[in-house]
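Remarks on the structure that follows.
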Amino acid sequence: MGRAMKDSGVEWIGEIPEAWNVFPMKSVIISNDGGIWGNDPVGDGTDKVVIRSTEQSIDGKWQITSPATRNLSGFNVDTYRILPGDLLITKSSGSAFHIGKTTIADQYFAEKECYYSNFIQRVRVNQFAKYYWYILNSTIARDQFVYLQNTTSGIGNINAKDIEKIYVPLPSIDEQYSISRFLDEQCAKIDTIIAKALASIEEYKHLKQAVITQTVTKGVRGERPMKDSGIAWIGKVPENWDIINL
């Protein structure tokens with residue numbers, strides 16, 4: 001039997017379970033801080049890794065391959081260190097698809113000393129952070145960010161107050177854990193399906209190119225006398241064909 005539902009009072013959220021409520025994000029935020037860029041690296045061993053919004057994928061995953069190093073001497077670096085459970089939100093981008101993308105700091109950041117750039121806002125919540133990672137990467141939050149952004153010179157921007165303004169559904173902590181576990185399992189299955197589908201697409205692309213190459217160099221008829229074209233990447237061609245410069 002379905003659970004009792006009620007109108008959330010927010011058009012883009014719609015109905016929610018009767019025991020849930022909808023609040024602005026500021027109700028669960030305990031820290032909402034801008035980042036730091038510091039100075040050019042000096043290479044004396046004191047430089048720090050500073051994570052940029054380019055290290056965040058559009059779906060809120062990490063892509064840390066060649067992070068920037070910056071010199072943060074003279075700054076209170078402890079203020080800007082990324083800790084597990086932190087939510088890192090892109091607040092400036094030329095693409096609406098990237099505004100509001102959110103990554104969650106995992107165990108990597110317990111083992112690696114990293115900081116975050118001034119194009120990122122760090123949010124800490126007094127709830128289960130993983131649940132809010134899912135919320136902030138959903139259309140419920142991302143559409144609100146696009147609506148709230150202001151644009152200067154083609155760059156969209158959101159700020160700390162915009163993040164605090166967005167409305168989110170708030171279930172109990174126990175349900176936040178249950179929802180996150182369920183989504184972890186389901187999204188992992190979907191990601192596997194997507195990966196297989198993408199691999200199949202690549203295979204079909206290669207097959208398509210092979211069919212085109214075979215046909216333009218060998219023709220469409222069956223077996224026929226062939227000769228060496230004299231060009232390595234063309235190979236053999238039908239005996240009555242010529243090879244010319246385009």
Side-chain angles (χ1 to χ4, degrees), residues 25-26 28-138 141-142 145-146 148-166 180 184 187 191:
M25 268 292 288
K26 68 179 179 181
V28 300
I29 290 176
I30 56 176
S31 178
N32 188 358
D33 305 301
I36 188 172
W37 190 232
N39 302 307
D40 292 339
V42 295
D44 63 355
T46 64
D47 298 328
K48 307 293 186 183
V49 171
V50 178
I51 299 298
R52 299 157 295 181
S53 60
T54 51
E55 265 95 47
Q56 300 173 289
S57 71
I58 198 168
D59 58 348
K61 304 289 180 63
W62 290 111
Q63 297 176 322
I64 303 172
T65 53
S66 301
T69 54
R70 304 286 295 171
N71 189 267
L72 305 183
S73 299
F75 295 94
N76 182 11
V77 293
D78 288 344
T79 302
Y80 303 98
R81 181 163 181 180
I82 300 172
L83 299 177
D86 285 352
L87 297 166
L88 290 308
I89 303 173
T90 291
K91 60 183 183 179
S92 295
S93 177
S95 167
F97 294 108
H98 288 267
I99 289 288
K101 64 183 178 182
T102 304
T103 43
I104 185 169
D106 52 19
Q107 192 58 29
Y108 176 93
F109 295 95
E111 300 163 3
K112 305 281 187 181
E113 182 183 351
C114 298
Y115 301 85
Y116 61 101
S117 80
N118 48 349
F119 285 120
I120 292 176
Q121 192 77 5
R122 182 192 60 200
V123 167
R124 290 173 176 164
V125 295
N126 60 10
Q127 305 283 307
F128 184 46
K130 187 66 174 290
Y131 171 75
Y132 284 89
W133 175 73
Y134 277 116
I135 283 280
L136 291 168
N137 283 302
S138 73
R142 297 287 283 275
F145 285 138
V146 171
L148 291 168
Q149 71 176 321
N150 63 80
T151 304
T152 52
S153 302
I155 303 295
N157 302 281
I158 57 173
N159 57 38
K161 290 194 177 298
D162 293 329
I163 293 167
E164 292 176 351
K165 282 179 187 175
I166 68 167
S180 299
D184 285 346
C187 290
D191 286 342

Problem set entry | Chi angles and distances behind the side-chain contact (heavy atoms from CB on, under 4.5 Å) call for Glu55, Val49 | CA-CA 12 Å; Glu55 265 95 47; Val49 171; over 6 Å; no

Exercise. Is a side-chain donor or acceptor of Gln56 paired with a backbone partner of Leu88 at a separation under 3.5 angstrom?
Worked result: yes

Problem set entry | Short side-chain donor-acceptor distance under 3.5 Å, Lys91 and Gln121 | yes

Exercise. How many angstroms lie between atom CE of Met25 and atom CD of Gln127, to the nearest 0.5 angstrom?
Worked result: 9.5 Å

Problem set entry | Atom of Ile82, atom of Ala105 and distance for their closest heavy-atom approach | CG2-CB, 3.5 Å

Problem set entry | Spacing of CD1 belonging to Ile99 relative to CG belonging to Asp162, to within rounding of 0.5 Å | 9.5 Å

Exercise. Out of curiosity, Leu72 CG to Asp78 CG, how far, rounded to the nearest 0.5 Å?
Worked result: 11.0 Å

Exercise. Side chain of Asn32, backbone of Ala160: donor and acceptor closer than 3.5 Å?
Worked result: yes

For this session: Would you give the length of the straight line joining atom CZ of Arg122 to atom CG of Leu83, rounded to the nearest 0.5 angstrom?
Result: 7.0 Å

Exercise. What is the distance from atom CG of Asn150 to atom OG of Ser92, rounded to the nearest 0.5 Å?
Worked result: 8.5 Å

Exercise. Is the number of heavy atoms from other residues, nucleotides or ligands within 6.0 Å of OH (Tyr108) greater than 12?
Worked result: yes

Exercise. How long is the span from the OG atom in Ser53 to the CD1 atom in Ile89, to the nearest 0.5 Å?
Worked result: 13.0 Å

For this session: Spell out, as yes or no, whether a donor-acceptor pair under 3.5 Å connects the side chain of Ser153 to the backbone of Ile155.
Result: no

Exercise. Is there a side-chain contact (heavy atoms from CB on, under 4.5 Å) between Phe109 and Trp62 once you walk through the steps?
Worked result: CA-CA 11 Å; Phe109 295 95; Trp62 290 111; 3.6 Å; yes

Exercise. Are side-chain N/O atoms of Gln63 and Ser57 paired as donor and acceptor at under 3.5 Å?
Worked result: no

For this session: Please confirm whether the backbone N or O of Gly60 pairs with a side-chain atom of Trp133, one donor and one acceptor, at under 3.5 Å?
Result: yes

Exercise. For residues Thr152 and Asn157, is any side-chain donor paired with an opposing acceptor at under 3.5 Å?
Worked result: yes

For this session: Could you please spell out the steps behind the side-chain contact (heavy atoms from CB on, under 4.5 Å) verdict for Ile163 and Ile29?
Result: CA-CA 10 Å; Ile163 293 167; Ile29 290 176; 4.1 Å; yes

Exercise. Do you know which two heavy atoms are closest between Val125 and Ala129, and how far apart they sit?
Worked result: CG2-CA, 4.0 Å

Exercise. Is a donor on one side and an acceptor on the other found under 3.5 Å between the side chain of Thr151 and the backbone of Gln149?
Worked result: no

Exercise. Of the non-hydrogen atoms in His98 and Ser93, which two are nearest, and what is the gap between them?
Worked result: CB-OG, 3.3 Å

Exercise. At their closest point, which heavy atom of Trp37 faces which heavy atom of Ala68, and how far apart are they?
Worked result: CH2-CB, 3.8 Å

Problem set entry | Any residue meeting side-chain hydrogen bond (donor to acceptor under 3.5 Å, both in side chains) with Asn137, in chain and number order, not counting sequence neighbours | Arg142

Problem set entry | Under 3.5 Å: donor-acceptor pair, side chain of Tyr116, backbone of Gly34 | yes

Exercise. Excluding sequence neighbours, so at least two apart, what forms salt bridge (Lys or Arg N to Asp or Glu O under 4.0 Å) with Asp44?
Worked result: none

Problem set entry | Residues Asp47 and Arg70 bridged, charged N to O under 4.0 Å | no

Exercise. Any chance the side chains of Asp184 and Tyr134 put a donor and an acceptor closer than 3.5 Å?
Worked result: yes

Problem set entry | Contacts of type salt bridge (Lys or Arg N to Asp or Glu O under 4.0 Å), residue Glu164, not counting sequence neighbours | none

Seminar exercise, completed: The single option from Asp86, Asp33, Val28 that satisfies side-chain contact (heavy atoms from CB on, under 4.5 Å) with Arg124 is Asp86

For this session: Would you sort out whether Ile166 and Leu136 count as a side-chain contact (heavy atoms from CB on, under 4.5 Å), showing the intermediate values?
Result: CA-CA 10 Å; Ile166 68 167; Leu136 291 168; 3.7 Å; yes

